[in-house]
Amino acid sequence: MKKFFVLIILCSVFVIFTGVGPIMAQTKAPYKIGGIFPLTGYLSWLGEYKKKGSELKVELINKAGGINGRQLELVVYDDQSSPETGSRVAQRLVSKDGVIAMIGTASVPISGAVASIGNRYKIPTIIGSGYEVDPKKDHFVFNSAHKTDFAVERPFEYFKGKGITKVALLMPIGPLGELGGGLARKYAPKYGITIVGEERFDVKAPDITAQLAKLRTLGPQAVFSFCTGEPAALVARSMAQLGMNIPVLVSHGNANPGFLKLVSNVNIPILVPAGRAAAPESIPDNDPCKRVILDFNKAHQQKFGEPANYYSAEMVDAVDIIAAALKVVPTADGEKLQDAIEKTKGLVGMNGIYNFSTTDHHGTVLQDMMVLTVKDGKWQVLLK
Amino acid sequence: MTDFSHIVQFFFSGLTSGSMYALIAVSLVIVYKVSLLICFAQGEFFVIGALAMVTLVSKGLPMPLAFVLSILISTVLGALVQRMLIKPIQNAGIGNLIVMTIAISLTLRGAALLVWGKESHILKPFSSGAPIPVLGATLQPQVLWIISITIVVLIMIWIFFEKTKLGIAMRACAENRLGASLMGISTDKAALLAWAWGSGIGALAGMAVAPLLFMQYGSGVMPMVKGFIAVSIGGLSSIVGSVVAGLLLGTVEAYTIGLISSKFSDTIVFSLLMVVLIFKPSGLFGKG
Amino acid sequence: MKLLKQFWWILPLAFIAFYPVTLAGGSPYWSGLLIFVGIYVILTVGLDLLMGYTGQISVGHAAYFAIGAYASGILTAKYGFSPLGAMVIGMVLTGIVAWALGRPVLALKEYYLAMATLAFNEIVVTLIIGLEWLTGGASGLRDIPSFSIFGLVLSNHVHYYYFVWAIVIIVIACSLAVVRSPFGRTLVAIHSDEVAARAFGVDTAKYKTRIFVLASVFASMAGSLFTHYMGFLAPDDFGVLTSINILVMLFLGGIGTIFGPILGAFFMKLLPELTYQIHDYELLLSGLILIIVLVFMPKGLFGIFTAIWEKMFAKADK
Amino acid sequence: MTDKRDAILSVKNVTKTFEGIRALEDVSFDVKSGHIKALIGPNGAGKTTLLNAINGIMSPDSGHIHFLGHDVVGHSADRVAGLGLSRTFQLIRMFTINNATVLDNVLLGAHMQLKPTLFESIFSRGKVNKAERKACDRAMELLRFVGLEKAADAAPGSLPFGNQRLVELARSLMTNPKMLLLDEPASGLNDTEVESFTELLRSIREKGITILLVEHNMKLVMNIADDIVVLDFGKKLAEGTPQAICANPQVIEAYLGTTQTECRLEP
């Protein structure tokens, strides 16, 4: 009897917390695109941005009459911030839902898992992450996010202009940290920068002052910590608390309003590389991207009460790239679609102007990245 | 290349994490002593306490009131969990109990996700103020709060288990079930109380470090693992041992990061732990 | 009815044999899903030998999964080994690691044992992350070829499905052979009462180590199969959370039976298929399901299964 | 009295301390091959501790224990068992996990003969099965010997305590021991059962198996023991034939006082 009582309570807990899932119904035969986002797990906070952005873009395209008279449909799955689940849902999209292309996901390992499926099943896949696409092996994979190289090169260019030559690295343990560390060492000589020291930290650790204190002895003029979100804010805040009043460079993943909130009371210069979408007001009027960004932001503001950000922009552009290719080659054939995407030239997106080729699956160029800093809770452009 | 001020800074860093590990470890030990069960959901009380306080503060409640209310919420939650979920299967094997606490942890984390969403929440420090320079290193005021909360909690535990009739009876319960019932406390009631204490202290730990961390529904996993390490080193049933082990763990971590390798600090810490377990199977401070 | 009682095992076997062509309808997705299920069956059955039969708690089974997976991944992707050769090397390597760890670690009891196994899992994961030059670090290891045996490439999902399930069946057969032999009886004795078992001449440390090695070698095998199917490896999939997941499958399915873990793996891998629309609730749901199983059906899903089975035959026998 | 050649077990100056309390203090005695030696004494006298020390469950702090010429101090229990020493437990220790039956329990006694390995269990089923069938026959034989062949498939927990002790006895015999340590095997048996149990012990002795018997039932002890050693507070109080022990005033004071009526030899 007691056990029965427990059962009732457990069931009611679930009922209370669960709403009724939305049931989607489609009448036409649309072009199906798969979307894979980290909606739960440690990357979930950015997965939402990506999902919202891409869903809105699909909605806008459909409102404008679709493509070749057909609608687009975005089938979204959660990769749970795990490569295995990413691979599984990609598989599901490809073979069960029969999508003609995939977009999405966030971290390098999940991208790798999804890309592997895209290649195997010859489904064009547009990743939005730091994953570096090697067109020779990743024939079907593209990346609408700026190359991670840009997020290091551009700030280094800025450092050079400011006479900063000594940079210390404080990298999170994980894919981002590995990538950032490698790129920093790669580009430092080019911009006359010396890496004075390198430390690692666990993003879940409550305290990173030990690493910072160690780096401080090396006399750096700036700290480069290639991390995103809370850890980035933690680095900045800890530096401020230790009285290290030197610039801290964090990853381009931070160019979103959430990060502004996290560092609202930190008083050291925080440098964030970012695409145009992060600070549209600073773009000159003659820039073709400005229109695209402002138009989309308006719709985004209307629907979600906030403008799009750098994360959503990647996915919006990913949808756009597929849509553009579909207009050229109205096909469900993966090889043909891949070919069309690879031939895309001069596509004006929110992140820049995409020019793909058989040797470049990233499409954007170094100048598409800017360097921002946080000033009075707002973005300010340091390097355009 | 490291001078004295860094050694001090590493020490503060270790003290901060160490106090947090120690509090979690104590909450685990209290439950273990009475019900011979390590609760793998302790990390969730840590998170729920902190997030409840964030919410209450943002609703405009004064800090102290929010503090007390959050502890109360976790305590009641812990007691409810014990009554509803642990008690019905308390005679099952240890494997079942471990998996049950894992199930509770999944459920609470799932509920926290729905209540507080996926984003991180920040709690403002208990007192404003600039970092304090000490011997060339810097100390954040919140760290002083964490340390004093740890001390106060330990004193409270000491008073409760050594000086109050109820506490003494509970302790007796841990050692001898029959003896305890003679002292007027049933093992049932003792377990319930232990859970209440445990979840309350877990929540307290979460609230104390929340201003240093960014709290999110999944933030409880790491503290739980670290607390578990501390009790394994300190001995499952030794409160003093677990406090010392928690502080030791934090300090060793900080010095490993600072002096040896931040890349392999976790590898080193876990390897040390295995060595300790193999050569001292019931912890450094455990008996028998 | 009697026929059913004797030859019931033909039913699941037939299901597995015809699944890709019937239910899955040739869809790579559904075959793929069962490939994952198969891999987790191997892991869970291995853990069951260790936990369900021998009573040794492990919260770090993913460590051996990882060693097998990375041995296969690294040897094939970087050094051009044949997948089969790499798999065998992985199994040997894992076996040696487990053998070396076995005696000191399995001398621990209960929570200390849980902690030590968890710690080893963390050590393996942090080493994978730390040794970037070898493992590809946290960013993952790319370009792992499909499985091939003697020149026959199993890139087709249906072929690979049969390959994986053939191994699953071998693993199950081996496990059944072990538990239904004097060896299994010895394990149960160790589980029940280690001291008493020793008094009857059982070198408990030796037997615990042996079964630990077997379970780890199984896990390593599962890792190799996983690697070649994913074509990509990242440490994220081998953390303590994966170990806990395997533990949950074991308890959900029914610990201490060979068929329970199969049900558990099926259930846990198929559950997300039902909750795609409500992914935010999945965590809560899986927690609640597990609680319900633990409180109401301590023998897990297999317990219900056998209860129904017995009722069926009890009626039939009348 | 101490004939070296004849002693299968010899305990010399064994001392064991638990948290400051002397459980055993300088205990020495021999057990002659083929004898039944009874070990008696009040509760807490250290009898079970001594058995645990002999079969290697725990090591004494000092002293020597020789079994068949081997010094077994520091040997683990399984090595001692391998020498041919088996035992039963005061608090019954049955294997019950995974629905183990009475027969399974007895079969575990065959562990040292079967010495199962993983390789054979998997790859050499024929050989394993053959050995197992043989062991099964022997186990059934032993169950018949203790009168429990009907309970072979029962769960051990479902049997009355007395019968569980008999299962333990069968399990120990299954190891083909040279010597048995029996820890209060007759507790929980009624008078008629005790009588048949006495017969059982006699026929075990006839098989040439030496027995060290810890028992409170003085009637049983006096009936069957060749030799008795008395422990009190961890010290050896007396040793000798049943008659001598019965007549020993120290023993009567310390232990036999209330049960003296039973301390009588059968005619």
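Residue numbers start from 1 in every chain, and the chains themselves are labelled A, B, ... in the order their sequence lines are given, proteins ahead of strands. Nothing here was measured: the structure is a model prediction, and the numbers come from that model.
- No other option in C:Lys206, C:Arg210, C:Arg198 has as many heavy-atom pairs under 4.5 Å with chain D as C:Arg198.
- If you tally non-hydrogen atom pairs under 4.5 Å between each of D:Ala100, D:Ala110, D:Gly82, D:Pro116 and chain C, the highest count goes to D:Pro116.
- Looking at D:Val80, there are no atoms closer than 4.5 Å to chain C (heavy atoms on both sides), in backbone or side chain.
- Remark: the backbone N or O of D:Ala155 is not paired with any side-chain donor or acceptor of D:Thr101 at under 3.5 angstrom.
- Only the backbone of D:Met94 comes within contact range of chain C, judged by heavy atoms closer than 4.5 Å.
- Annotation for D:Lys127: atom NZ does not count as buried by contact number, only 12 or fewer foreign heavy atoms lying within 6.0 Å.
- A distance of 6.0 Å or more separates the ring centres of C:Tyr40 and C:Phe267.
- Side-chain rings of C:Tyr207 and C:Phe183 approach one another, their centers coming within less than 6.0 Å.
- Heavy-atom pairs under 4.5 Å with chain C peak, among D:Asn55, D:Asp104, D:Leu181, D:Thr175, at D:Asp104.
- For D:Ile57, the part sitting under 4.5 Å from any heavy atom of chain C is the side chain, from C-beta outward, and nothing else.
- The part of D:Arg125 that comes within reach of chain C is its side chain, from C-beta onward, which places non-hydrogen atoms under 4.5 angstrom from that chain.
- Within a 6.0 Å sphere centred on CG of D:Asn99, heavy atoms belonging to other residues, nucleotides or ligands number 12 at most.
- Within 6.0 Å of CZ on D:Arg138 lie more than 12 heavy atoms contributed by other residues, nucleotides or ligands.
- With a 4.5 Å cut-off on non-hydrogen atoms, D:Leu114 touches chain C through its side chain but not through its backbone.
- Among D:Leu83, D:Leu107, D:Val128, the residue with the largest count of heavy-atom pairs under 4.5 Å with chain C is D:Leu107.
- Judged by distance alone, the side chains of D:Arg87 and D:Asn52 do bring a donor and an acceptor atom under 3.5 Å apart.
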